Amino acid sequence: IVLASGSPRRRELLKLIGFEKFDVIPAVKEENDGGETDPGKAVVRLALSKGEEVMERCGKNSVVIAADTLV
């Protein structure tokens with residue numbers, strides 16, 4: 001299992017739901033919402049982009065968990 005985020009809070013959340021062992025590989029490319037005006041769609045697009053980037057680096061046999069937050 002790979003967490004595609006450097007967020008300490010997201011690490012904490014995974015541990016709270018029972019995941020003790022996982023790798024942390026944050027996405028590094030610049031975030032781009034593609035001009036999406038719907039916040040829900042923008043968050044999904046950004047999370048998918050992060051997850052895809054990390055999956056390319058760690059391999060398709062990994063389970064990658066990615067998320068995004070807009071404020």
Side-chain angles (χ1 to χ4, degrees):
I1 295 175
V2 178
L3 176 60
S5 172
S7 165
R9 179 66 178 144
R10 290 198 175 102
R11 277 182 260 170
E12 181 183 337
L13 288 170
L14 281 182
K15 289 179 181 179
L16 283 172
I17 62 171
F19 291 97
E20 291 297 323
K21 294 182 81 177
F22 54 88
D23 293 321
V24 177
I25 304 176
V28 293
K29 72 179 183 181
E30 186 175 328
E31 293 186 8
N32 180 354
D33 65 7
E36 181 60 64
T37 57
D38 179 302
K41 290 180 181 178
V43 168
V44 169
R45 179 186 179 110
L46 289 166
L48 284 171
S49 176
K50 290 177 183 181
E52 289 169 350
E53 177 200 330
V54 172
M55 181 151 312
E56 286 177 13
R57 294 190 337 221
C58 66
K60 296 194 185 284
N61 291 328
S62 298
V63 174
V64 176
I65 299 172
D68 199 79
T69 306
L70 288 178
V71 180

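Keep in mind it's a predicted model, so treat the numbers as computed, not measured.
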Discussion item. Could you check whether any side-chain heavy atom of S5 comes within less than 4.5 Å of a side-chain heavy atom of V24, counting everything from C-beta outward?
Written reply: no

Discussion item. If hydrophobic clusters are built by linking Ile, Leu, Val, Met, Phe, Trp and Tyr wherever their side-chain heavy atoms come under 4.5 Å apart, do V63 and I17 end up in the same one?
Written reply: yes

Practice prompt. Under 4.5 Å between side-chain heavy atoms, chaining through other members, with only Ile, Leu, Val, Met, Phe, Trp and Tyr counted: pull out the rest of the cluster around L48, sorted by chain and number.
Written response: V44

Fill in: side chain to side chain contact (heavy atoms under 4.5 Å, CB included) partner of V54, the single match among I25, D23, V28
I25

Discussion item. Check E12 with R9, please: is the shortest side-chain N to carboxylate O separation under 4.0 Å?
Written reply: yes

Item to complete: Find out if a path of hydrophobic residues (ILVMFWY) with successive side-chain heavy-atom gaps under 4.5 Å connects I1 to V64.
Response: no

Discussion item. Membership question, hydrophobic clusters at under 4.5 Å side-chain separation (ILVMFWY): are V2 and M55 in the same one?
Written reply: yes

Practice prompt. Can you tell me which residue pairs pass the side chain to side chain donor-acceptor pair (under 3.5 Å) test with a partner in residues 60-71, sequence neighbours excluded?
Written response: R10-T69, K50-D68

Worksheet entry | Non-hydrogen atoms of R57 and P26 that approach each other most closely | NH2-O, 2.9 Å

Item to complete: Identify the two heavy atoms, one from F22 and one from K15, that lie closest to each other, and give their separation to 0.1 Å.
Response: CE2-CG, 4.0 Å

Item to complete: Mind listing the closest non-hydrogen atom pair of A47 and A66 along with its distance?
Response: O-CB, 3.3 Å

Worksheet item: Is any side-chain heavy atom of I65 less than 4.5 Å from a side-chain heavy atom of L14?
Response: yes

